[in-house]
Amino acid sequence: MNIIGPDALAFGVDDVAASRAYLTAFGLDPVDVDETGGLFEALDGTGIIIRARNDPRLPAPIATATMLRQTTYGCADQATVDSIADELSRDRQIKRLDDGAIEAADDQGFALKFQVTKRRELKLAGEKINAPGDAPQRGVNKIGAWQDMPAKPRTLSHVVCFVPDLRPAEAFYVGRLGFKITDRFNNAGPFLRPAGTQDHHTLFFIETPPYMQGCEHFAFHMGGPTEMMMAGSRFVKAGYQSFWGPGRHKFGSNWFWYFNSPLGCHVEYDADMDLHDDEWSPREAVASPETSQVFLFENVEKWAPMGGPPPGAKGDGH
Ligand SMILES: [Fe+2]
């Protein structure tokens, strides 16, 4: 099953205008967007679709409060989409769309769509660093950071879902769709990657009580940690609320910064995720503050030594 990863996530929201402002400020580009919503895409064409909660164009909601209504997976070719159709039609209804895509539900009731990926190939430089002991990556007279440097989400990276029962969730994605387990939090769930990508995870499950089933967060890859910090700092300045981060995860090694959103879930910038192939042996850990990140920062106001006591200092700092 040559599934590459999520092409799009569709949400049915309470406030289309607020969601539209949020996703635009996040750095996604509106495509065919009007007051009823539309697609907000990253540089490679992956993205987030928002509609009003009661919009009939969305698949039916599940029984919880989640606003996630459909996950669209991008596949390498039509043969992959057809083989998924053959596999899933053994035990469930599938719907074939005019363009060759198919729709079906997973074993938890999440609506899925499979299509030949709409991703555009990106030809962009990643972040480069100069480190003593290694050849310079960025080199002479090349500037590493500036205030208005570009920092746009490049591609939809992963989605994390609360599920009431891990076993059927894992069995469906591993057994029926060929996802691989890269690592596992024993008290939460597995990190999964489809066969068509080497990214550490495009999907992660957390087992929760049934009423919480839904999307916990989704994430977009940035061009590096500096872009992630720039985009997050701009998002804070635009008035959006940091939820967790910035920091760097242990499993996946990705830099992260999560924000609250009007989409009923958190939204993450991430950067520099580990890549894996079938030679990799999954690790296991108990999820905790210690295992969830190698370090965690706190975003504070800008400061300079000539500008009075440092942020958080008591007294005059002497
Ligand atoms: Fe994440």
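All heavy atoms count here, side chains included; hydrogens, waters and symmetry mates do not. One-based numbering, in listed order, for ligands and for the atoms of each.
Of the N and O atoms on the side chains of Asp199 and His221, at least one donor lies less than 3.5 Å from an acceptor on the other residue.
For Phe26 and Phe40, the gap between ring centers reaches or exceeds 6.0 Å.
The closest donor-acceptor contact from the side chain of Tyr211 to the backbone of Ala65 lies at 3.5 Å or more, if one exists at all.
Listed by first and then second residue, the side-chain hydrogen bond (donor to acceptor under 3.5 Å, both in side chains) pairs involving residues 296-306 are Gln147-Lys302 (not counting sequence neighbours).
Looking at residues two or more places apart in sequence or on another chain, you find a ring pair (Phe, Tyr, Trp, His ring centres under 6.0 Å) between Tyr240 and Tyr22, Phe235.
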Listing, residues 158-168 side-chain donor-acceptor contacts under 3.5 Å, not counting sequence neighbours, or none:
from	atom 1	to	atom 2	distance (Å)
His158	NE2	His217	NE2	3.3
His158	NE2	Glu268	OE1	3.0
Asp165	OD1	Arg167	N	3.3

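For the Fe ion (ligand 1), protein N, O or S atoms closer than 2.8 Å were enumerated as His158 NE2, His217 NE2, Glu268 OE1, with waters left out.
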